[in-house]
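Below you'll find the structure, written out as structure tokens, and then a few comments.
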Amino acid sequence: MRNLVFMLIGTFFVLHVTHSRECKYIDIRNNVTQFRKLENCTAVLGFLTIVLIDAKPEVFAKLHFPELREVTGFVFLYRLQGLKSLRHIFPNLQIIRGNELFVNTALTFYELFNITEVGLPSLQQISRGAVRIQKCPKICDADTFDFHTNHSTNILRDYGSNCTDIEYPKSFDEKNIKCTSTKDDFVCVVSKLQEIPLEKCHDLCMFGCHNITASGCYVCKGPRDNGVCVEKCPANKLYDEKTMRCVTVQECITYSADPELRKFIYAEESLCVTTCPKGFSEKDPENEHKIYHDFRCRPCGKCPKICHGLLINYVEDAQKLHGCNIIDGSLTIKIDVAADRPDLMDELTKSLDSIEIISGYLKIYRSYPLTSLDFLKNLRVIGGKTVSEDYFALYIFDNSNLQALWDPHPDFEIQNGTVMFSTNENLCPQLVRDFLEKTNQTSPDIYIDTNGNMKSCHTTTIDVSHEILSPRNVTIRWSEFKVQPNEQLEGYLIYFMETPHTNITHFYGAYTCAFNTWNIKTVKISQARRVSDGILAFNLTGLQTRTQYAYYVRTIFAGNFRMQGQSEIFYFKTPVKTLNQVRNLGTFEIKSHAIMLKWRIGRKDTEHIHHFSIDVLRQPDDLVLKNRDFCEHPHVYDIDEEDEKLEEEFRLEYCCCPDLKKAAENKDEYDDNDDDEEDENDDDEYSLSHVTKYNKEEDLIDITKNSNYVKTHKFMMHEVDVEHKWYRYEIDGLQPFTYYSFQVFACEENSTDANDKCSSYALHSERTNPHPVEPIHVILQQVGEYNETIEVSFEHPNETNGGIVAYIMEEKRDTRFNIESKCFSVIKHSVWNQTFMLPAGVAQLRFQAVFLSGFGAFTDWFNITVYEAPEPPSAVMTCLEAFFFSIAVCGSVFGTIWFRNNQDTICRKRAPPTDRGDMEMLVVGFQSANVDEEELFDIPLDSVTFDEADFY
């Protein structure tokens, strides 16, 4: 049965390759009919350029080349009027290797004014080079494209200016798989629309296959020989490094007709190369302009390879000097942002380390990606036949990321001209002085001291060690740095990066606009664990399994220009694990009593996962409740991102690419940023997004013992909602407006509750939404003689919406617009019972609870009446009354005494008048009393009688 299966597969393969071919250097231009060059091409060996075609969209829509899987060089598209997408044209293109680049780019979209999406649904890797999308105003899926697969700096400008909120499909459309297996046989139905998953393919396959043999791979990890993936080429063939194919000698020299594509036979290593290596030459020693007729690289002993002077703007320029020993002229290096590549230093070393003599000058300036000049380690002579700026044979200036020179050759000399090092802000002046001393050169100190102004140039060594806790978690330990009394140590920086090498330097990838650089974890003093006297530790989480990491630790101070602590570089390799951590864990939906989580899992893990386990931990808001006065500091909802900003600041501090720097500032760098540091504004110490941290080593051994533990949810794979490869599960029974942390594990089928074999946890934190609440219950009483004292009893503390943090009372009098407000905070008052006085009159009161989530609803108005008390006399009137009373008393006393003393005189009786004389005296008395004469008249005396009268 097995033989029959392989026979059928082999028969299909023969039929398959009969109608497919590998094409070399496809240039399509001017006319859409030239697309015929791509018919039946499974790979393009070299570049693929499609330029200057004007056609209707429906014409481009008819183009379809599903066989194309690989381009070994670059893909360049320019001014294709009417082209809207590559999705239908190249649906199965999986890899662009970038072994040949166009101005350092492997994929270029330039001035495609009608294209609306990148497409390329199957593209899974750009092995080398950058992506450039520029002047494509309608492209809207560039942000969904997985540009990180090429590990390089990309240029994305002038695209997507008129996009709508349409969710464009992303890369990596997985194919339907229809395979059956028994104990003895494995059979897959093979067709152009179905693929076998990679784990079922041959070990030499890179992405997928149409049968399980080495001849069924769509793309090979290494060489391919006549359609079959091999570990190395057979003895009778050469390996072409550019195309990654095994070729015959005749096939290698077929490129000789075109000088730009010419290749040579390096038989000693069985290679087909574009230039002969050091110690070999393709030129006849008797005539250096004549190439050997058989295009072989022949040994020439110490024969120098002479090349003309060159300006190096891109890595491709440097590759033209590969193997050159003598530069006849001057060498200028000015590599700008667009030339950045993660392997830049390695490629420059490979291309330039053979240079021994430069007859003119060496000038290196404004090369932002350069961190070291170690690629010049074999340079012996700078002739100075021509000099730069009329003086300088060696001129190195304005290289903002340059941190190291090179160890000069013992015979190094500058025959004419002077040396200048200037404004290399990360190059320590002492390194310049050491270089000048070794080479017997001089340079004015005034220029030397312009270097290194952004670099801490004096360091002491920190001892470090590590302990692997799990395949994804490692503890880093280091010795505590001793500081001077006037210095402020803010914390430590842990630098770590994935690398297959063990020769990484501190300044590797220091050009911070590159993706392939040191990752930085900021560890504040409060975050580091003290494991013993003088030893601090921190856990790195979320690492990749089966991966080697380099790491080192350095200090971070509040200021610059001080002694820094820094460790040497050490390495560790994470072990193998069964299941991978779930990916892209996040929130799908938030409710007041539930949170729905979403995540993805690795393709290889799908068939091994039996169930998921989610630990729910409630993160208390004690710090907020105990330290914040919500009356003085109203609600703010800014997320605390100080640590993340600090890490990004170190990444982008010297970044010279503003577009990329801006893009980097708007993205999240790490999944394990459980930051809880203070932000710059005063209120951030009360942020509602803080996370209470716990010790993974201690608490997660038995999570149920953690004081924040709530519940563990376990559920089978079939209980999870799956849509578009996203897994979703709702965690219910939660409290409103409460901050929770979720630890999600993927577990194997044979795991048990007692001993689960699960992945490392993925951590995600989220706060539930607030829940609508009724107005609070308030008891109000009036006491006092006139009801002037108000006693209020508020509702006791509860955990609704995070708990009550304050109360607000509003008082209204006269008009509804005249409202006064008063706030009672739990941090300053015993708010549950309040007593206060109100003035007389009619008032209305209402109350509102302030929850941690925000303001609640107001109560109804309470009608209050305070009676008017009698008005007491004033102090002035009281004084006047006392004064007059005193006078009255005194007058009465003195009057009584006087009366008693004169009583006899006052009370003596007199006889009535008896004669006219006395009467006349009476009349005279009337006259003297100013009585009007007309009112007087004579009264006969006879008529006057005195019955009872007293005369005095």
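In this chain, numbering begins with 1 at the start of the sequence shown.
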Run the side chain to side chain contact (heavy atoms under 4.5 Å, CB included) test on Y495 and I569 for me, step by step, so that the C-alpha distance in whole Å, both residues' side-chain angles and the decisive distance to 0.1 Å come before the verdict.
CA-CA 9 Å; Y495 289 75; I569 295 176; over 6 Å; no

Aromatic W726 / basic R600 pairing, under 6.0 angstrom, 45° off normal
yes

Distance alone, cut at 3.5 Å: any donor-acceptor contact between the side chains of S592 and T768?
no

Say you draw a straight line from CD1 of I595 to CD1 of I731; how long is it, rounded to the nearest 0.5 Å?
9.0 Å

Donor-acceptor contact present, side-chain Q848 to main-chain G856, <3.5 Å
yes

Tell me, do H610 and C747 make a side-chain contact under 4.5 Å, heavy atoms counted?
no

For Q781, look at atom CD and say whether over 12 heavy atoms of other residues, nucleotides or ligands are found less than 6.0 Å away.
no

Kindly indicate whether the side chain of I525, heavy atoms from C-beta on, has any atom under 4.5 Å from the side chain of Y492.
yes

So which heavy atom on F737 is nearest to which on P770, and how close?
CD1-CD, 3.9 Å

So do M809 and V792 actually touch side chain to side chain, heavy atoms under 4.5 Å?
no

Any non-hydrogen side-chain atom of F496 less than 4.5 Å from a side-chain atom of L543?
yes

Check for me whether the distance between the ring centres of F572 and Y551 falls short of 6.0 Å.
yes

Rounded at 0.5 Å granularity, tell me how far CZ in F612 sits from CE in M716.
10.5 Å

In the structure I gave you, are the side-chain heavy atoms of L780 and F847 within less than 4.5 Å of one another anywhere?
yes

Could you walk me through whether I808 and F855 pass side chain to side chain contact (heavy atoms under 4.5 Å, CB included), step by step?
CA-CA 9 Å; I808 291 177; F855 297 99; 3.7 Å; yes

Going by ring pair (Phe, Tyr, Trp, His ring centres under 6.0 Å), Y552 matches just one of W478, W518, F570. Which one?
W518

Over 60° means perpendicular and under 30° means parallel, so tell me whether F742 and H764 are parallel, tilted or perpendicular.
parallel

Using every non-hydrogen atom in the two residues, find where A537 and R477 come nearest and quote the distance to one decimal.
CB-CG, 3.8 Å

Can a side-chain donor-acceptor contact be found between T547 and E498 if the only test is distance below 3.5 angstrom?
no

Please check if any side-chain donor atom of E467 sits under 3.5 Å from a side-chain acceptor atom of T475, or the reverse.
no

Indicate yes or no for a side-chain donor-acceptor contact from S825 to the backbone of D629 under 3.5 Å, with no hydrogens or angles considered.
no

Please report the shortest heavy-atom distance between F630 and A806, naming the atom on each side.
CB-CB, 4.5 Å

Side chains of L617 and Q619: closer than 4.5 Å at any heavy-atom pair?
yes

May I have the step-by-step check of side chain to side chain contact (heavy atoms under 4.5 Å, CB included) for L763 and T541, ending in yes or no?
CA-CA 10 Å; L763 180 65; T541 61; over 6 Å; no

Please assess Q735 against V710 for the test side chain to side chain contact (heavy atoms under 4.5 Å, CB included), listing each intermediate value before the final yes or no.
CA-CA 11 Å; Q735 294 295 320; V710 177; over 6 Å; no

Tell me if a side-chain donor or acceptor on T574 pairs with a main-chain N or O of Q544 at a distance below 3.5 Å.
yes

Would F824 and Y807 count as a close aromatic pair, with their ring centres under 6.0 Å?
no

Given side chains that start at C-beta, do those of E766 and L597 come closer than 4.5 Å, heavy atoms only?
no

Side chains of R554 and I462: does their closest heavy-atom pair fall under 4.5 Å?
no

Set out, in order, the CA-CA distance, both residues' side-chain angles and the distance that settles salt bridge (Lys or Arg N to Asp or Glu O under 4.0 Å) for R728 and E589, then state yes or no.
CA-CA 10 Å; R728 299 198 302 248; E589 184 179 14; over 6 Å; no

